[in-house]
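Take a look at the structure set out below.
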2 protein chains.
Amino acid sequence: MTAPRPGARRPDGYDPHAFEPFAVTVDLAVFTVRDERLHVLLVRRGQEPYRGAWALPGGFVLPRESAGQAARRELAEETGLSGTTVARLHLEQLRTYSDPDRDPRMRVVSVAYTALVPDLPEPRGGGDAEHAQWLPYGSYGPLAFDHDTILADAHERVGAKLEYTCLATAFCPPEFTLGELRQVYETVWGVELDRPNFRRKVLATPGFVQAVEGPPRLTGGRGKPAALYRAGQATALHPPLLRPEGRQE
Amino acid sequence: MTAPRPGARRPDGYDPHAFEPFAVTVDLAVFTVRDERLHVLLVRRGQEPYRGAWALPGGFVLPRESAGQAARRELAEETGLSGTTVARLHLEQLRTYSDPDRDPRMRVVSVAYTALVPDLPEPRGGGDAEHAQWLPYGSYGPLAFDHDTILADAHERVGAKLEYTCLATAFCPPEFTLGELRQVYETVWGVELDRPNFRRKVLATPGFVQAVEGPPRLTGGRGKPAALYRAGQATALHPPLLRPEGRQE
DNA sequence: GCCTTTATAGTCAAGGTGACTCTTAAAGGG
DNA sequence: CCCTTTAAGAGTCACCTTGACTATAAAGGC
């Protein structure tokens with residue numbers, strides 16, 4: 001009834017040719033906050049199918065690498081960032097998409113990853129169709145393949161993780177103000193948060209952020225200069241920072 | 001540098017033979033609560049590698065099915081339950097394991113699923129090595145392949161989801177008492193919960209459970225007979241029901 | 001009839017939350 | 001230079017949730 005299987009109890013002999021070969025790829029949902037809007041890294045397809053449509057960056061998993069290694073390699077290639085820089089970015093497996101018809105050409109199983117990055121300089125060759133570009137979330141037509149679904153799942157996941165992890169600092173540069181951190185929450189959730197309450201909750205969570213000693217200023221904008229903070233060593237938030245009319249998956 | 005890729009921007013022509021073929025399987029971490037202990041469904045391997053070791057049930061994804069369909073099919077085969085019964089069980093994708101060396105024979109990428117079931121009758125042919133068996137969580141030696149890792153990840157995920165979803169009812173029969181529901185939390189989390197407080201929180205969450213009209217009793221054990229409840233239509237818990245010294249992923 | 005066990009009701013103090021106000025320190029415009 | 005605008009940051013207050021705890025009710029075992 002079924003092919004032999006690694007790790008199963010079936011008595012059949014093991015035959016490497018008795019299974020259907022699949023292509024395995026990774027797809028990347030890369031988010032950043034730029035100009036107070038959530039942006040996504042996308043590439044324009046130059047061939048059929050979906051020629052001319054936007055798609056998530058990604059690529060094949062190579063013979064000797066794991067899906068996670070493939071994702072980090074693709075992220076470095078698409079953003080033009082150095083390997084050491086990419087190694088510090090937040091990259092997390094989202095889930096795997098395996099509908100038999102998700103690619104009209106052949107059977108492709110794709111492991112999707114979500115990456116969160118601070119506002120980076122425009123990817124190498126900005127504006128060049130050869131490289132990925134930042135687009136405001138939602139500001140594009142339908143994406144190729146099932147990438148709209150993947151991106152929606154990724155957005156939902158990021159929004160949920162902001163509630164109970166310190167993930168928001170991954171969107172920020174090494175040193176940031178509480179206003180910038182609040183911007184992350186407001187941008188991803190699409191809501192406005194009360195400034196004093198946000199401040200109180202963040203500072204009340206040990207290990208979320210830690211104050212930077214230096215001069216308590218960082219100007220360029222209007223208003224009273226804000227103190228600088230660095231990401232703390234905590235990874236989970238207790239208690240969680242729930243969004244106003246919160247839902248979850 | 002890389003093979004051509006569906007959904008990417010590369011200008012290369014598309015060549016279905018330029019990628020490495022992978023086998024794609026599903027692995028199942030199936031939990032239940034039996035005799036106040038958390039149990040897992042395992043199969044004993046009858047062949048090398050890991051001959052004689054316990055392993056998670058699972059199998060190949062067939063050419064015309066998605067990973068989710070494969071998982072449900074395998075679950076029906078391993079438990080001996082009917083397709084309609086299995087269709088009602090809670091089944092959820094956990095994550096994908098793709099280390100190049102996770103199977104010594106060949107390249108196998110496995111999509112892991114977590115299933116939660118009420119205390120079922122022993123799988124067909126109970127005690128028969130041909131079929132899966134329930135074992136108390138942790139009561140076995142090292143599992144085959146990376147299945148210890150998968151199972152630990154699944155356990156962590158289930159524990160976390162009990163906090164902010166109505167998942168616990170998936171462990172219970174159609175009608176259950178609040179004591180049984182509390183048993184689920186205590187068993188999965190490995191803690192004791194205060195009865196009155198647990199009751200207050202569950203009943204305060206709209207849509208978590210709904211009272212059954214009938215006679216407010218279900219006896220067989222000691223103590224005052226408990227009222228019966230059914231699972232409500234809610235899926236998320238607001239506010240969450242946090243475990244005592246809670247951690248998360 | 002007593003003791004044990006479990007369900008269910010109720011109390012209370014501590015702490016977290018949302019909504020708000022007020023002050024301070026900058027930038028920009030006339 | 002003054003006044004307005006903007007944002008940071010301090011502080012208040014009523015409400016609600018929470019954990020810890022006490023009390024009562026209803027069953028079974030001896």
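The figures that follow rest on heavy atoms only: side chains count, while hydrogens, waters and symmetry mates do not. Quick note on labels: first sequence line is chain A, next is B, and so on, each numbered from 1.
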Taking atom [atom2] of [N] as reference, at what distance in whole Å does atom [atom1] of [X] sit?
{"X": "Glu180(A)", "N": "dT6(D)", "atom1": "CD", "atom2": "C1'", "value": "16 Å"}
{"X": "Glu192(B)", "N": "dG19(D)", "atom1": "CD", "atom2": "P", "value": "15 Å"}
{"X": "Phe198(A)", "N": "dG16(C)", "atom1": "CZ", "atom2": "C1'", "value": "16 Å"}
{"X": "His238(A)", "N": "dG16(C)", "atom1": "NE2", "atom2": "P", "value": "14 Å"}
{"X": "Leu242(B)", "N": "dG15(C)", "atom1": "CG", "atom2": "C1'", "value": "14 Å"}
{"X": "Leu181(B)", "N": "dA7(C)", "atom1": "CG", "atom2": "P", "value": "12 Å"}
{"X": "Lys201(A)", "N": "dA19(C)", "atom1": "NZ", "atom2": "C1'", "value": "14 Å"}
{"X": "Leu193(B)", "N": "dT6(C)", "atom1": "CG", "atom2": "P", "value": "15 Å"}

Between [X] and [Y], is the gap from one ring center to the other below 6.0 Å?
{"X": "Tyr185(B)", "Y": "Phe198(B)", "result": "yes"}
{"X": "Phe31(B)", "Y": "His39(B)", "result": "no"}
{"X": "Tyr164(B)", "Y": "Tyr164(A)", "result": "yes"}

### Message
Could you check whether the side chain of Arg200(A) and the base of dG18(C) have a donor-acceptor pair of N or O atoms closer than 3.5 Å, going by distance alone?
### Response
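Side chain to base: pair found, below 3.5 Å.
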[N], OP1 or OP2 - any side-chain N/O from [X] closer than 4.0 Å?
{"X": "Lys224(A)", "N": "dT6(D)", "answer": "no"}
{"X": "Arg199(B)", "N": "dT6(C)", "answer": "no"}
{"X": "Arg182(B)", "N": "dA7(C)", "answer": "yes"}
{"X": "Arg195(B)", "N": "dT8(C)", "answer": "no"}

### Task
Select one nucleotide: of dT8(C), dG28(D), dT21(C), the one nearest the side-chain heavy atoms of Pro196(B).
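In terms of side-chain proximity for Pro196(B), the closest of dT8(C), dG28(D), dT21(C) is dT8(C).
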### Task
Check every atom of dT8(C), dG16(C), dC20(C) against the side chain of Pro239(A) and return the nucleotide holding the closest atom.
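Of the candidates, dG16(C) comes closest.
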### Query
Is a side-chain donor or acceptor of Trp54(A) paired with a backbone partner of Gly141(A) at a separation under 3.5 angstrom?
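No; judged by distance alone, with no hydrogens or angles, the pair does not exist.
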### Query
Can you find a side-chain donor-acceptor pair between Asp27(B) and Ser110(B) that sits under 3.5 Å?
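Looking only at side-chain atoms, Ser110(B) and Asp27(B) do form a donor-acceptor pair, the distance falling under 3.5 Å.
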#### Entry: Pairwise 5' ranking along DNA chain C for Gly179(B) and Asn197(B), keeping only the more 5' one
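Looking at DNA chain C, the more 5' nearest nucleotide goes with Gly179(B).
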